[in-house]
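A quick write-up on the structure given underneath.
Just the heavy atoms: all of them, side chains too, but no hydrogens, waters or symmetry mates, feed the values below. Given the structure is predicted, the values throughout are model-derived calculations rather than measurements.
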Amino acid sequence: KTPERTAEAEAAYRKAIELDPKLAGCWYNLGNLLAKTPERTAEAETAYRKAIELDPRSAGYWNDLGILLTKTPERTAEAETAYRRAIELDPKFAGFWINLGDLLAETPERTAEAETAYRKAIELDPKDARSWGNLGVFLAGQAGRPKDAEVTLRNAVRFGPDDFRHLRN
């Protein structure tokens, strides 16, 4: 977590890539490392896209590209495409549905789709506090849904009692 160790990790990933540029996992890990620094998101995107080029069937690579793209508001359509590709590759992983829900929730005319995505995540993993919490926060922002939000947030607390965010919400 120190700058020296981060630089060392980056150098190690770059050396591994130099030795074998077809190592998708190294490209992906380099992307994750670079994505932590806001001024290096373009480099992170390049690394993610290279990982995807080498291993297009890795749902996690697509998901993390989507996460990166959501940081730029004008790229939300690309982020949605990446999330949907991750879901296509691994439709049973709740986290991908949560990320799609979070993205859709930002667009008022797509709230029904957002709620559907959150509920799909809960269907896939009924004890996942994050799914319940994100749906609860979403519902709290919808007119006339405070009771639904409360019930949902209580489930988030039940399944994630140590996560202060659920209690705060």
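How far CG of Leu54 is from CH2 of Trp27: 8.0 Å, rounded to the nearest 0.5 Å. One finds the CG atom of Asn29 at 10.5 Å from the CG atom of Leu23 (value rounded to the nearest 0.5 Å). Rounding to the nearest 0.5 Å places CG of Asn155 at 11.5 Å from CG of Asp128. Distance check, rounded to the nearest 0.5 Å: CG of Asn169 to OG1 of Thr152 gives 11.5 Å. Thr46 contributes atom OG1, which lies 11.0 Å from atom CD of Glu53 (distance to the nearest 0.5 angstrom). Atom CZ of Arg130 is separated from atom OH of Tyr118 by 9.0 Å, given to the nearest 0.5 angstrom.
Leu69 and Leu104 fall into different hydrophobic clusters, where Ile, Leu, Val, Met, Phe, Trp and Tyr side chains are chained together by heavy-atom contacts under 4.5 Å. Residues Leu89 and Trp97 are members of separate hydrophobic clusters, defined by side-chain heavy-atom contacts under 4.5 angstrom among Ile, Leu, Val, Met, Phe, Trp and Tyr. Linking Ile, Leu, Val, Met, Phe, Trp and Tyr residues whenever their side-chain heavy atoms come within less than 4.5 Å leaves Trp62 and Leu100 in two separate clusters.
What you find for Ala94 and Asp125 is that their closest heavy atoms are CB-CB, 4.0 Å. Listed here is the closest heavy atom pair of Ala44 and Gly31: CB-O, 3.5 Å. For the residue pair Ile122 and Ser131, the shortest heavy atom distance occurs at CG1-CB, 3.6 Å. Among all heavy-atom pairs drawn from Arg14 and Leu30, the shortest one is NH1-CD2, 3.8 Å. Across Ala121 and Ile98, no two heavy atoms sit closer than the pair CB-CG1, 3.6 Å. Nearest heavy-atom pair, Ala86 versus Ala59, reported as atom, atom and distance to 0.1 Å: CB-O, 3.4 Å.
With respect to the salt-bridge test (charged N to carboxylate O, under 4.0 angstrom), the residues Asp163 and Arg165 qualify. Between Arg154 and Glu150 there is a salt bridge, since at least one side-chain N of the basic residue sits less than 4.0 Å from a carboxylate O of the acidic one. We find that Arg75 and Glu45 are joined by a salt bridge, their nearest charged nitrogen and carboxylate oxygen being less than 4.0 Å apart.
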Legend entry - Stepwise side-chain hydrogen bond (donor to acceptor under 3.5 Å, both in side chains) check, Asn63 with Tyr83: CA-CA 5 Å; Asn63 181 68; Tyr83 287 146; 5.3 Å; no
Inset, instruction - Could you give me the CA-CA distance, side-chain angles and deciding distance for Leu103 and Thr76, then say whether side chain to side chain contact (heavy atoms under 4.5 Å, CB included) is met? - result: CA-CA 7 Å; Leu103 179 70; Thr76 56; 3.8 Å; yes
Inset, instruction - Begin with the C-alpha distance, continue with both residues' side-chain angles, and end with the deciding distance and a verdict on side chain to side chain contact (heavy atoms under 4.5 Å, CB included) for Leu34 and Glu10. - result: CA-CA 8 Å; Leu34 297 170; Glu10 181 180 348; 4.2 Å; yes
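No more than 12 heavy-atom neighbours from other residues, nucleotides or ligands sit within 6.0 angstrom of NZ on Lys92. Arg57 CZ: 12 or fewer foreign heavy atoms inside a 6.0 Å radius.
None of Arg85, Arg49, Arg84 except one satisfies the salt bridge (charged side-chain N to carboxylate O under 4.0 Å, His left out) rule with Glu78; the exception is Arg49.
Without hydrogens or angle criteria, Ser58 side chain to Asp55 main chain gives no donor-acceptor distance under 3.5 Å. Between the side chain of Trp132 and the backbone N or O of Gly160, no donor-acceptor pair lies under 3.5 Å.
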